[in-house]
Engineer: 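After the structure tokens below, expect a handful of questions from me.
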Amino acid sequence: MNEFTSSFWSYYIGVITLVSIIGCAVFLKAQSVRRIETKEGGTATTGHVWDETLTEYHHPLPRWWSWLFYLTVAFALLYLVLYPGLGSWKGVLGWTQVGQLKAEDERMEAKVGPMYEKFAAQPIPELAKNAAAMATAQRLFLNHCAQCHASDGGGSRGFPNLTDNDWLWGGTPEAIQTTITNGRMGVMPPWGPVLGEQGVKDVAHYVMSLSGMPADSIRVARGKPLFATNCVACHGPEGKGNPALGAPNLTDKTWLYGAGEPVIIETITKGRNNQMPAHKNILSPQKIHLLAAYVYSLSHNK
Ligand code: HEC
Ligand code: HEC
């Protein structure tokens with residue numbers, strides 16, 4: 001209610017609610033008058049007649065039904081005294097949705113907190129061998145990571161495979177933990193405007209030759225110096241990549257965007273911007289520690 005500058009609406013709502021509830025009670029009372037006698041001593045009818053002779057007696061509501069109704073009225077009034085519901089009235093119990101959520105969170109934390117603390121005290125390679133810890137970690141992975149990296153961590157186009165021990169940003173326990181905590185931004189600049197269509201094709205064939213893919217030897221020869229000038233800063237003199245920049249190794253058979261001439265040309269021409277989101281605001285350090293161990297286990301527990 002604090003978005004209203006005056007308390008008018010609060011009273012407005014409060015008065016309407018109370019008048020409705022009390023109105024219900026008054027109406028009920030009015031309908032419960034005892035049996036109406038006619039002057040002749042018979043029972044009055046409502047005056048409705050069906051099928052020529054069928055008339056309806058004017059009986060009051062059954063007592064049990066009336067009392068049930070009075071009870072609901074009393075319940076409503078009691079409820080509105082105890083809980084927020086009447087305008088900005090907070091209720092004498094001081095209950096709030098936020099308070100309830102917080103209390104539930106705290107209960108949960110008290111229950112599972114010690115377990116995460118115990119896991120957090122273990123070094124990652126050791127934790128990765130703890131089957132009970134990995135079962136918990138797998139549930140975290142399915143909740144927070146599987147939408148991008150697939151439920152088995154196998155990844156897909158643009159989303160790295162986490163099971164192959166081939167890393168963009170490094171596969172040490174510390175590097176994995178840093179990746180999950182702070183996120184990563186993989187930036188491959190676009191080379192189309194710099195090298196032109198033929199230049200891109202030449203350097204692409206040189207890249208293909210690095211991993212033993214079939215390539216046009218003339219283009220490879222023309223592409224080699226282009227690679228030395230433009231690409232080694234990030235991908236290294238031998239094309240083996242650089243984990244400090246997230247630049248992939250181009251000499252192996254692992255491709256983030258898939259193998260094949262067309263997709264390599266597309267990457268070089270247009271560049272790529274790829275982001276691993278930071279999780280430090282979503283997950284506690286203990287959970288990140290456990291997830292780092294899980295990712296580590298995917299390529300080490302075989
Ligand atoms: C929104 C999609 C998305 C989510 C969610 C996500 N990731 Fe990633 N992750 C990526 C992308 C994209 C990359 C690659 C970044 C790049 O190209 O440099 C990546 C990279 C990584 C890497 C580095 C891989 C390497 O080869 O160095 C690790 C480790 C990783 N993610 C683990 C996780 C874990 C654990 C979670 C869950 C807590 C997670 N990711 C959630 C998209 C995601
Ligand atoms: C500023 C650093 C930088 C430079 C310079 C650079 N790259 Fe990259 N390159 C990257 C990064 C980072 C990625 C990974 C992008 C991602 O994470 O999505 C990448 C990805 C690639 C890929 C895709 C690999 C795969 O697994 O799918 C190819 C191919 C590639 N680069 C070729 C080149 C060529 C050829 C040049 C020179 C013309 C070049 N790069 C120059 C940083 C660079």
Engineer: State whether the side chain of W169 and the backbone N or O of I176 hold a donor-acceptor pair below 3.5 Å, judged by distance alone.
Structural biologist: no
Engineer: In this structure, would F75 and W89 fall into the same cluster of hydrophobic residues linked by side-chain contacts under 4.5 Å?
Structural biologist: yes
Engineer: Run the side-chain donor-acceptor check on residues 151-160: report pairs under 3.5 Å with partners two or more places apart or on a different chain.
Structural biologist:
{"from": "D152", "atom 1": "OD1", "to": "G154", "atom 2": "N", "distance (Å)": "2.9"}
{"from": "R157", "atom 1": "NE", "to": "Y257", "atom 2": "O", "distance (Å)": "2.9"}

Engineer: Using side chain to side chain donor-acceptor pair (under 3.5 Å) as the criterion, list what pairs up with N242, not counting sequence neighbours.
Structural biologist: none
Engineer: For residues L78 and L80: do they belong to one hydrophobic cluster (side chain heavy atoms under 4.5 Å, members Ile, Leu, Val, Met, Phe, Trp, Tyr)?
Structural biologist: yes
Engineer: Between L290 and Y116, is there a side-chain heavy-atom distance shorter than 4.5 Å?
Structural biologist: yes
Engineer: Mind checking what makes side chain to side chain contact (heavy atoms under 4.5 Å, CB included) contact with P125, not counting sequence neighbours?
Structural biologist: P123, P173, Y296
Engineer: Measure across L168 and L256 and return the closest heavy-atom pair with its distance rounded to 0.1 Å.
Structural biologist: CD1-CD2, 4.1 Å
Engineer: Rounded to the nearest 0.5 Å, how far apart are CD of E117 and OG of S284?
Structural biologist: 8.5 Å
Engineer: Tell me which donor-acceptor pairs under 3.5 Å the side chains of residues 129-144 have, and how far apart each pair is, sequence neighbours excluded?
Structural biologist:
{"from": "N130", "atom 1": "OD1", "to": "A132", "atom 2": "N", "distance (Å)": "3.1"}
{"from": "N130", "atom 1": "OD1", "to": "A133", "atom 2": "N", "distance (Å)": "3.0"}
{"from": "T136", "atom 1": "OG1", "to": "A132", "atom 2": "O", "distance (Å)": "3.3"}

Engineer: When rounded to the nearest 0.5 angstrom, what distance separates CG in L283 from NE2 in H289?
Structural biologist: 14.0 Å
Engineer: Which residue pairs pass the salt bridge (Lys or Arg N to Asp or Glu O under 4.0 Å) test when at least one of the two sits in residues 227-253, sequence neighbours left out?
Structural biologist: E238-K240
Engineer: Taking S10 for the side chain and S88 for the main chain, is one N or O donor matched with an acceptor at less than 3.5 Å?
Structural biologist: yes
Engineer: With a 6.0 Å cut-off (strictly less than), is the heavy-atom count around CH2 of W95, excluding the residue itself, greater than 12?
Structural biologist: yes
Engineer: If hydrophobic clusters are built from ILVMFWY residues whose side chains come within less than 4.5 Å, do L18 and F27 share one?
Structural biologist: no
Engineer: Specify the closest pair of heavy atoms between M276 and I180, including all atoms of both residues, with the distance to one decimal.
Structural biologist: CE-CA, 4.0 Å
Engineer: What is the minimum heavy-atom distance between P114 and K111, and which atoms define it?
Structural biologist: CD-O, 3.8 Å
Engineer: Using distance only, find each side-chain donor-acceptor pair of residues 259-270 under 3.5 Å and give its atom names and separation, not counting sequence neighbours.
Structural biologist:
{"from": "E261", "atom 1": "OE2", "to": "H205", "atom 2": "NE2", "distance (Å)": "3.1"}
{"from": "T267", "atom 1": "OG1", "to": "V263", "atom 2": "O", "distance (Å)": "3.1"}
{"from": "T267", "atom 1": "OG1", "to": "R272", "atom 2": "NE", "distance (Å)": "3.1"}
{"from": "T267", "atom 1": "OG1", "to": "R272", "atom 2": "NH2", "distance (Å)": "3.0"}
{"from": "T269", "atom 1": "OG1", "to": "I265", "atom 2": "O", "distance (Å)": "2.6"}

Engineer: Looking at OG1 of T181 and CG of N281, how far apart are the two atoms once the value is rounded to the nearest 0.5 Å?
Structural biologist: 10.5 Å
Engineer: What are the two closest heavy atoms between G239 and L210, and how far apart are they?
Structural biologist: CA-CD1, 4.4 Å
Engineer: Got L77 and I21 here, is their nearest side-chain heavy-atom distance under 4.5 Å?
Structural biologist: yes
Engineer: Among pairs that include at least one residue of residues 170-193, which meet ring pair (Phe, Tyr, Trp, His ring centres under 6.0 Å), considering only residues two or more places apart or in two chains?
Structural biologist: none
Engineer: Test: salt bridge (Lys or Arg N to Asp or Glu O under 4.0 Å). Region: residues 170-199. Which pairs qualify, not counting sequence neighbours?
Structural biologist: none
Engineer: If a pair satisfies ring pair (Phe, Tyr, Trp, His ring centres under 6.0 Å) and one of its residues is in residues 209-255, list it, with sequence neighbours excluded.
Structural biologist: Y206-F227
Engineer: Using 0.5 Å steps for rounding, measure from the CG atom of L93 to the CG atom of L82.
Structural biologist: 4.5 Å
Engineer: Step by step, work out the side chain to side chain contact (heavy atoms under 4.5 Å, CB included) result for V203 and N230.
Structural biologist: CA-CA 10 Å; V203 84; N230 300 304; over 6 Å; no
Engineer: Any side-chain to backbone donor/acceptor pair from W167 onto P243? Under 3.5 Å, distance only.
Structural biologist: no
Engineer: If you draw a 6.0 Å radius around CD in Q97, do more than 12 non-hydrogen atoms from other residues or ligands fall strictly inside?
Structural biologist: no
Engineer: Tell me every residue that passes side chain to side chain contact (heavy atoms under 4.5 Å, CB included) with V98, counting only those two or more places apart in sequence or in another chain.
Structural biologist: T96
Engineer: So which heavy atom on I124 is nearest to which on A292, and how close?
Structural biologist: CD1-CB, 3.7 Å
Engineer: Any donor and acceptor pair, going by atom type alone, linking the side chain of T172 with main-chain N or O of A175 inside 3.5 Å?
Structural biologist: yes
Engineer: Nearest 0.5 Å please: distance from the CG atom of L61 over to the CG atom of L68.
Structural biologist: 12.0 Å
Engineer: Is there any salt bridge (Lys or Arg N to Asp or Glu O under 4.0 Å) pair reaching into residues 204-227, and which pairs are they, with sequence neighbours excluded?
Structural biologist: D202-R219, D202-R222
Engineer: With the 4.5 Å side-chain cut-off for hydrophobic clustering, are I22 and Y70 part of the same group?
Structural biologist: no
Engineer: Is V19 reachable from V73 through a run of hydrophobic residues whose side-chain heavy atoms are each under 4.5 Å from the next?
Structural biologist: no
Engineer: Which hydrophobic side chains are connected to V187, either touching it within the sub-4.5 Å cutoff or through other members that do?
Structural biologist: M185
Engineer: Roughly how far, to the nearest 0.5 Å, is the CD1 atom of I16 from the OH atom of Y11?
Structural biologist: 15.5 Å
Engineer: Kindly give the heavy-atom pair with the smallest separation between A247 and C234, and that separation in Å.
Structural biologist: CB-O, 3.3 Å
